[in-house]
Amino acid sequence: MKEPYLFDLLTETKPRSRPAPPCITAPAAKNRPEDSLAALRQEVTACSRCRLRQSATQTVFGEGNPQAKIIFVGEGPGADEDRLGRPFVGAAGKLLDKILAAAGFAREEVYIANVVKCRPPRNRLPARDEVNACLPYLLRQLALIRPRIIVCLGALATQVLLDDKARVSVVRGRWFEKYNAKVMATYHPAALLRDVTKKRPVWEDMKQVRDFYRSLQ
Ligand code: URA
C-alpha cells in the first residue's frame with residue numbers, strides 16, 4: 001500500500017487517528033502509575049528549584065496516558081502552554097497533533113512532556129542550571145510511565161536524553177537504547193513551521209516510530 005505522505009496528511013482536515021487501545025486492566029492500586037504521577041505533579045506545582053517558576057504563570061507537568069508505551073518530549077512550555085497549563089497546545093502543538101494523527105496515534109494514547117516544566121521568559125532556551133534543576137522530574141516521569149519508545153522532539157530533548165553533543169540532523173532517524181526504551185530523535189514541530197524541508201525527514205522518522213510501536217501491540 002502506498003504510504004500516506006506527511007505533506008498530504010498535514011493538509012487533511014480529518015485526522016486519520018486509530019481508536020485508542022482498549023483499557024488495560026489497572027494493576028494493584030499501590031502500583032498505579034497515575035497515582036504516583038499525580039503526586040509528582042503536585043511536587044512540580046510546588047517547585048521553586050529555579051528562577052523560571054517566578055516568571056511563569058503556572059507549571060506545565062505533561063499529560064497523556066500514564067501507561068503509554070510512547071512518550072514525546074519537547075523543550076519547554078511556550079506562551080499558550082503557560083496560559084493553559086498543558087503541553088503542546090500552541091502552533092507547534094497543533095502541528096504535533098497532525099503528525100501524531102498522520103502516524104495513527106491518538107493524543108490520549110501517548111504521553112507528552114517537556115524537559116522544563118516552566119516557560120522560559122520570551123521563549124528563550126532554558127539555561128543549563130534550569131535544565132539540571134528540572135531534569136529529575138522528567139526522569140521520574142520516565143521511570144513511572146516506563147514507555148517502550150521515547151521520541152525526542154528537537155535539540156534540547158535530544159541532548160538532554162541522548163547525548164549533550166548530539167545534533168538532531170545527525171542522530172535523527174536512528175534508534176538508541178536508553179532508559180529501558182528505544183529512543184528516536186527528530187526535529188521539533190516548531191522547526192517544521194520555520195522550515196518545510198524538515199517535514200519529509202520527520203515523516204520518515206515517524207514511520208519508523210509507528211512501525212516499531214505497532215510491533216509492540
Ligand atoms: N514547544 C515545546 O517544546 N513544548 C511545548 O509544550 C510547546 C512548544
Is a donor from one side chain sitting under 3.5 angstrom from an acceptor on the other, for [X] and [Y]?
{"X": "N132", "Y": "R128", "answer": "no"}
{"X": "Y137", "Y": "R41", "answer": "no"}
{"X": "Q141", "Y": "K117", "answer": "yes"}

Do the charged groups of E63 and R107 touch, with an N to O distance under 4.0 Å?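 Yes.
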Within 6.0 Å of CZ in R146, more than 12 heavy atoms from elsewhere: no
Only distances under 3.5 Å count here; give the side-chain donor-acceptor pairs of residues 179-187 to other protein atoms, sequence neighbours excluded, each with its distance to 0.1 Å.
from : atom 1 : to   : atom 2 : distance (Å)
Y179 : OH     : L161 : O      : 2.8
T186 : OG1    : D205 : OD2    : 2.6

Quick one: do W203 and I99 satisfy side-chain contact (heavy atoms from CB on, under 4.5 Å)? Show the steps, please. CA-CA 8 Å; W203 180 231; I99 293 169; 5.8 Å; no
Distance-only donor-acceptor pairs under 3.5 Å for side chains of residues 148-160, two or more places apart:
from : atom 1 : to   : atom 2 : distance (Å)
T158 : OG1    : G154 : O      : 2.6
Q159 : NE2    : A166 : O      : 2.9

Can you check whether F105 and Y213 have ring centres sitting under 6.0 Å from each other?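 Yes, close enough.
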Examine F88 together with H188 and report whether their ring centres are nearer than 6.0 Å. yes
Using salt bridge (charged side-chain N to carboxylate O under 4.0 Å, His left out), reason through R119 and E75 one step at a time and then give a plain yes or no. CA-CA 10 Å; R119 180 193 183 203; E75 182 178 301; over 6 Å; no
How long is the span from the [atom1] atom in [X] to the [atom2] atom in [Y], to the nearest 0.5 Å?
{"X": "L37", "Y": "Q42", "atom1": "CG", "atom2": "CD", "value": "12.0 Å"}
{"X": "L84", "Y": "Q58", "atom1": "CG", "atom2": "CD", "value": "7.5 Å"}
{"X": "N114", "Y": "L138", "atom1": "CG", "atom2": "CG", "value": "9.0 Å"}
{"X": "C134", "Y": "L52", "atom1": "SG", "atom2": "CG", "value": "7.5 Å"}
{"X": "F72", "Y": "I112", "atom1": "CZ", "atom2": "CD1", "value": "7.5 Å"}
{"X": "I145", "Y": "I71", "atom1": "CD1", "atom2": "CD1", "value": "4.5 Å"}

State, to 0.1 Å, how close T45 and T59 come at their nearest heavy-atom pair, and which atoms those are.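 Nearest heavy atoms, T45 then T59: CA-OG1, 3.6 Å.
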Minimal non-hydrogen separation, A92 against P189, with atom names: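 Heavy atoms only, the tightest pair is O-CB, 3.5 Å.
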Using the rule that Ile, Leu, Val, Met, Phe, Trp and Tyr join whenever any side-chain heavy atoms are under 4.5 Å apart, tell me whether V168 and F176 fall into a single cluster. no
Please report the C-alpha distance between K94 and D97 in whole Å, then the side-chain angles of each, then the deciding distance to 0.1 Å, and finally whether the salt bridge (charged side-chain N to carboxylate O under 4.0 Å, His left out) criterion is met. CA-CA 5 Å; K94 293 204 165 54; D97 286 347; over 6 Å; no
Under the salt bridge (charged side-chain N to carboxylate O under 4.0 Å, His left out) criterion, do E43 and R140 qualify, and how do the steps go? CA-CA 11 Å; E43 239 185 272; R140 284 165 67 191; 2.7 Å; yes
D80 and R86: CA distance, side-chain angles, deciding distance, salt bridge (charged side-chain N to carboxylate O under 4.0 Å, His left out) verdict: CA-CA 8 Å; D80 295 305; R86 297 179 54 210; over 6 Å; no
